[in-house]
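Take a look at the structure below.
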Protein chains: 4
Amino acid sequence: MKGELRRQQILDSALRLFAEKGYYETHIDDIIRDLRIGRGTVYQYFANKDDIFFQLLEDYYHRWKQVVAISDEERKINDPVAYLRMRIRRTLAFFAGEREFTRIYLRIAPGINKDIEPLIERIETMVTDVVRQDLELARRFNHLRDDIDISGAANLLIGALHRTAYYDFIQTETDADIGVTAENFVRVFTAGIFK
Amino acid sequence: MKGELRRQQILDSALRLFAEKGYYETHIDDIIRDLRIGRGTVYQYFANKDDIFFQLLEDYYHRWKQVVAISDEERKINDPVAYLRMRIRRTLAFFAGEREFTRIYLRIAPGINKDIEPLIERIETMVTDVVRQDLELARRFNHLRDDIDISGAANLLIGALHRTAYYDFIQTETDADIGVTAENFVRVFTAGIFK
Amino acid sequence: MKGELRRQQILDSALRLFAEKGYYETHIDDIIRDLRIGRGTVYQYFANKDDIFFQLLEDYYHRWKQVVAISDEERKINDPVAYLRMRIRRTLAFFAGEREFTRIYLRIAPGINKDIEPLIERIETMVTDVVRQDLELARRFNHLRDDIDISGAANLLIGALHRTAYYDFIQTETDADIGVTAENFVRVFTAGIFK
Amino acid sequence: MKGELRRQQILDSALRLFAEKGYYETHIDDIIRDLRIGRGTVYQYFANKDDIFFQLLEDYYHRWKQVVAISDEERKINDPVAYLRMRIRRTLAFFAGEREFTRIYLRIAPGINKDIEPLIERIETMVTDVVRQDLELARRFNHLRDDIDISGAANLLIGALHRTAYYDFIQTETDADIGVTAENFVRVFTAGIFK
DNA sequence: CATGAATGAGTGTTCATTCAT
DNA sequence: GATGAATGAACACTCATTCAT
C-alpha cells in the first residue's frame with residue numbers, strides 16, 4: 001500500500017518532467033531530486049527508465065478508453081453519429097484536462113526509440129479502431145456520405161483532433177474554451193463526412 | 001565545392017539514420033562509419049549534432065515551400081479554393097516523395113529537446129500560416145462556410161494532412177495511390193469547410 | 001535453536017550459490033529469494049556478505065580437520081607413511097563428498113579480495129602443516145628418501161591432491177572411482193618420496 | 001603504432017592491479033588514475049573490463065607456449081623424459097619471471113565468473129595436453145612406469161607444479177632458488193612416474 | 001581539409017546495508 | 001525475530017566534442 005504511493009509519486013514526477021523536458025533530457029537524477037528520494041528507490045518500482053515511460057503511456061491510454069466509452073445508458077440512443085460526436089468532445093476534454101500526459105502522447109513519445117515506438121503505435125492503432133468502428137456503424141445506418149473511405153476518414157479525424165488539441169490546449173497558454181473548440185470541430189466534420 | 005559534396009553526404013547519411021533510429025539513438029559514430037570518413041570531418045561542416053538536424057529540417061522546409069508555391073501562371077486563376085486544393089495535393093505528394101524527411105518531421109523532431117523544439121515550432125507556424133492565408137483569401141472570396149473559424153480549420157486541415165500522410169505513406173509499406181488519397185482528402189474538406 | 005536453523009539455511013543456500021556463481025556474482029538477493037526470507041533476516045545472523053563466506057570456509061576447514069584426524073586407535077600403528085596415505089585417501093573422499101564446498105575452496109575463494117585472502121591462506125597453511133608434520137615424522141622413522149625437502153614435498157603433494165580432486169570430482173560430471181583415484185595417487189607419491 | 005603503445009600501457013597497468021587487488025576490486029578508475037589517461041581511452045582499446053582480462057590471459061598463455069616449446073635442435077635428442085624435465089624447469093622459471101601474470105593465472109582468474117571461466121578452463125586444458133603428450137611419448141619409449149595413468153599423472157604434475165610455483169615464487173617474498181626448486185621437483189617426479 | 005586518438009562529464013543501473021515497523 | 005522499503009556510494013560504460021598532426 002505504502003509502496004503503491006511511492007510508485008505513484010515517481011510516476012507523477014516523471015510525467016511532469018518528461019512532458020517538460022522530453023524523454024532523453026529527463027534523467028533519473030531529476031526525478032529523485034524532485035522527490036527527494038534515493039536513487040535506488042526508483043528501481044524498486046520500475047525495471048528501468050523505459051519502464052516508467054511505458055507505465056505512463058499505458059495508464060494514459062486506459063484512462064482515455066474509459067473516458068470515451070459509451071455507457072449502457074447512452075447506447076440506447078443508438079445513433080452512431082452521436083457516439084462519434086460524444087467521443088470527439090470527450091477526447092478533447094480529456095486532452096485539455098491532462099495536458100502533461102497529452103503532451104507526452106502527442107509530442108514526446110512518437111519517435112523516441114525502437115523500444116517505445118511499438119507501444120505508441122499499438123495505442124494509436126487501438127484509438128483508430130474505436131473511431132473506425134463508429135464510422136462503420138454510421139455507414140450501416142446510412143449516415144455516412146457514400147464517397148467516404150472509412151480508414152482514411154478515421155485517420156483524418158484523429159489527425160485533426162490531435163493537432164487541434166495540441167494547439168488549442170497544450171501549446172497555447174491561454175485557456176481555449178473547450179466547448180467552443182469541440183463544437184467548431186464537430187461542425188466541420190459533420191459537414192465533411194456525414195450525410 | 002568538393003567540401004559542399006562532403007557536407008551533402010553527411011546530411012544524406014544523417015537523414016537516413018535519424019529517420020530510422022531517431023535523434024538520440026543516432027550517433028556521430030554511425031554517420032562516420034556509414035560514410036567511412038574521419039570523426040573530425042563532421043565537425044568541419046557542422047557545429048555539432050544539433051546543427052546537422054537543424055540543416056536537415058531547414059532544407060526540408062524550404063523544399064516544401066517551393067513545392068507548394070503557387071506559380072505566377074497559376075495565380076492567374078485567382079481561385080483560393082483551387083490554391084488550397086493544389087497545396088494539399090502537392091504536400092501529400094511531397095510527403096510521399098520524401099519519406100525519410102517526412103518521418104523526421106512528423107515523428108522524430110517533435111519533442112526532441114529544448115534546442116530543436118523552437119525550430120520545429122517555427123516551421124509548423126509558417127506552414128500553418130500558408131494555409132491560413134489561403135483560407136482568409138477564400139473567405140474574402142466568400143467561398144468559406146460562414147461558421148468556420150480560420151485558425152481552427154487550418155490546424156484541423158494540417159493535422160489531418162499529416163496523419164494521412166504518415167499512415168498512408170510512411171508507416172505503411174504498401175504504396176498507397178497518392179492521387180486517390182489526395183482526392184479523398186480534398187473531397188472531405190471541400191464538403192467540410194467550403195460553401 | 002530455531003535461529004540456528006535459519007542460520008544454517010542461509011549457509012546452505014549461500015554455499016550452493018557461491019559454488020555455482022562465484023562470490024561477486026552471488027547477491028544477497030539470490031539467497032533471500034532462494035529461501036523466501038526477508039532481506040534483513042540475513043543480517044540478523046551475519047555481519048555482512050564476507051561473514052557468510054568466512055563461516056562457510058571455517059566450517060569446511062573444521063570438517064576436514066576431523067576427517068583427516070588420526071584416531072587414538074589408529075595412532076597405535078605408529079606408521080607415519082600409513083598416516084599420510086590415510087590422510088590422502090580421506091581428503092580425496094572428503095573432496096568428493098563435499099563438491100560444492102570444495103569448488104569454493106579450490107576455485108572461488110583464492111584471490112577474491114583482500115579481506116578473504118588471509119583466511120584462505122591461514123587454512124592453506126594449516127593444511128600444509130598437517131602434511132608437513134607427517135613428513136617430518138616419516139623422516140624421523142627414516143621412511144623418507146634423503147633427497148626430499150619436506151616443505152617442498154608438502155606443497156607438491158597438496159598441489160597434486162587439489163588438482164586431482166578438482167578434475168576428477170568437481171569439474172568432471174562423470175563420477176570417478178574415488179578408491180582408484182586415491183590408489184593411483186598414493187602409488188605415485190609412495191614411489192616418489194618414500195624409501 | 002602509437003595506439004598499440006597505449007593499449008600495452010593499459011594492459012600493463014591492469015596486469016599489476018588485477019594481480020594486486022583481484023578482478024572485482026580493480027576498477028577502470030584505478031587504471032585511468034594510474035596511467036593518467038581519460039576514462040574513454042580504455043574503451044577505445046578494449047570492449048569492456050572482461051576484455052582486458054581476456055587479453056592478459058591470452059597473452060600469458062601464448063608466452064608460456066613459446067617458453068616450453070621444444071626447439072628443432074632439442075627435438076633431436078628424442079628423449080621425452082628430457083622434454084618433460086625441460087618443460088618443468090622452464091615453466092617454473094616462467095612462473096618465477098612473470099609473477100604478476102602467474103598470480104592472476106593461479107589465484108585470480110579461476111572462479112571469477114561465468115564469462116571468464118571458459119577461457120581459463122580452455123587454457124588449463126591446453127596446458128594439460130602438452131604434458132599429456134609428453135607422457136604418452138614417454139610411454140611409447142617405455143620410460144613410464146607401467147602402473148601410471150597418464151591423465152592422472154598429468155593433473156598431478158601440473159597441480160604440484162602450480163602450487164610449488166605459487167608458494168615458492170609468488171606468495172613468498174624471499175627469492176627461492178629456481179634451479180634448486182626445479183631440481184627438487186623433477187627429482188620427486190622422476191622417481192614417482194618414470195622407470 | 002581530413003583525421004582519429006584522447007577526453008571526461010554524464011548516464012543508467014546495481015546491490016550491500018540499514019532501520020522503522 | 002522477521003521484514004522489506006529505502007538508501008546512495010559506486011561502477012561500468014557512452015558519446016559528443018576537441019585538437020595535434
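Chain identifiers are assigned alphabetically (A, B, ...) following the order of the sequence lines, protein sequences preceding nucleic acid strands; residue numbering begins at 1 within each chain.
Rounded to whole Å, the distance from CZ on Phe46(A) to P on dG12(E) is 15 Å. Between the C1' atom of dA2(F) and the CD atom of Glu4(C) lies a distance of 17 Å, rounded to the nearest Å. We find that CZ of Arg7(A) is positioned 19 Å from P of dG4(F), with the value rounded to whole Å. The distance between atom NZ of Lys49(B) and atom P of dG10(E), rounded to the nearest whole Å, is 17 Å. Nucleotide dA16(F) holds its C1' atom 10 Å from the CD1 atom of Ile52(B), rounded to whole Å. When the P atom of dA16(E) is taken as reference, atom CD1 of Ile10(C) falls 14 Å away, rounded to whole Å.
No cation-pi contact links Lys49(B) to Tyr43(B), judged by a cut-off of 6.0 Å to the six-membered ring centre and 45° from its axis. Cation-pi contact between Arg6(C) and Tyr45(C): absent, since separation from the ring centre below 6.0 Å together with deviation from the ring axis within 45° is not met. Both tests hold for Arg63(B) against Phe101(B): distance to the six-membered ring centre under 6.0 Å, angle to the ring axis within 45°.
Residue Thr41(D) has its side chain nearest to dA6(E) when only dA6(E), dA2(F), dT17(F) are considered. Between dT7(E), dG12(E), dT7(F), one nucleotide has an atom nearer to the side chain of Arg6(A) than all others, and that is dT7(F). Among dT17(F), dA12(F), dA2(E), the nucleotide with an atom closest to any side-chain atom of Tyr43(B) is dT17(F).
Here dA16(E) sits opposite dT7(F) as a Watson-Crick or G-U wobble pair (both hydrogen-bonding atom distances under 3.5 Å).
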Evaluation steps, side chain to side chain contact (heavy atoms under 4.5 Å, CB included), between Phe53(C) and Ile116(C):
CA-CA 8 Å; Phe53(C) 201 86; Ile116(C) 290 173; 3.7 Å; yes

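Taking only distance into account, the side chain of Arg39(C) meets the base of dT17(E) through a donor-acceptor pair shorter than 3.5 Å.
Lys114(A) and Glu25(B) are not joined by a salt bridge, as no carboxylate oxygen comes within less than 4.0 angstrom of a charged side-chain nitrogen.
Position along DNA chain E of the nearest nucleotide to Gly38(B) versus Asn48(A) favours Gly38(B) as the more 5'-ward residue. Mapping Gln44(C) and Val42(A) onto DNA chain F by nearest heavy atom places Gln44(C) at the nucleotide closer to the 5' end.
The stretch residues 23-37 of chain C touches DNA chain E through Thr26(C), His27(C), Ile28(C), each having a heavy atom under 4.0 angstrom from the strand.
Residue Tyr45(B) places at least one side-chain N or O closer than 4.0 Å to OP1 or OP2 of dA2(E).
Between the side chain of Tyr23(B) and the backbone N or O of Gly111(A), no donor-acceptor pair lies under 3.5 Å.
Between Leu11(C) and Gln8(C), some side-chain heavy-atom pair lies under the 4.5 Å cut-off.
A distance of about 22 Å separates the P atoms of dT21(F) and dC1(E), rounded to the whole Å.
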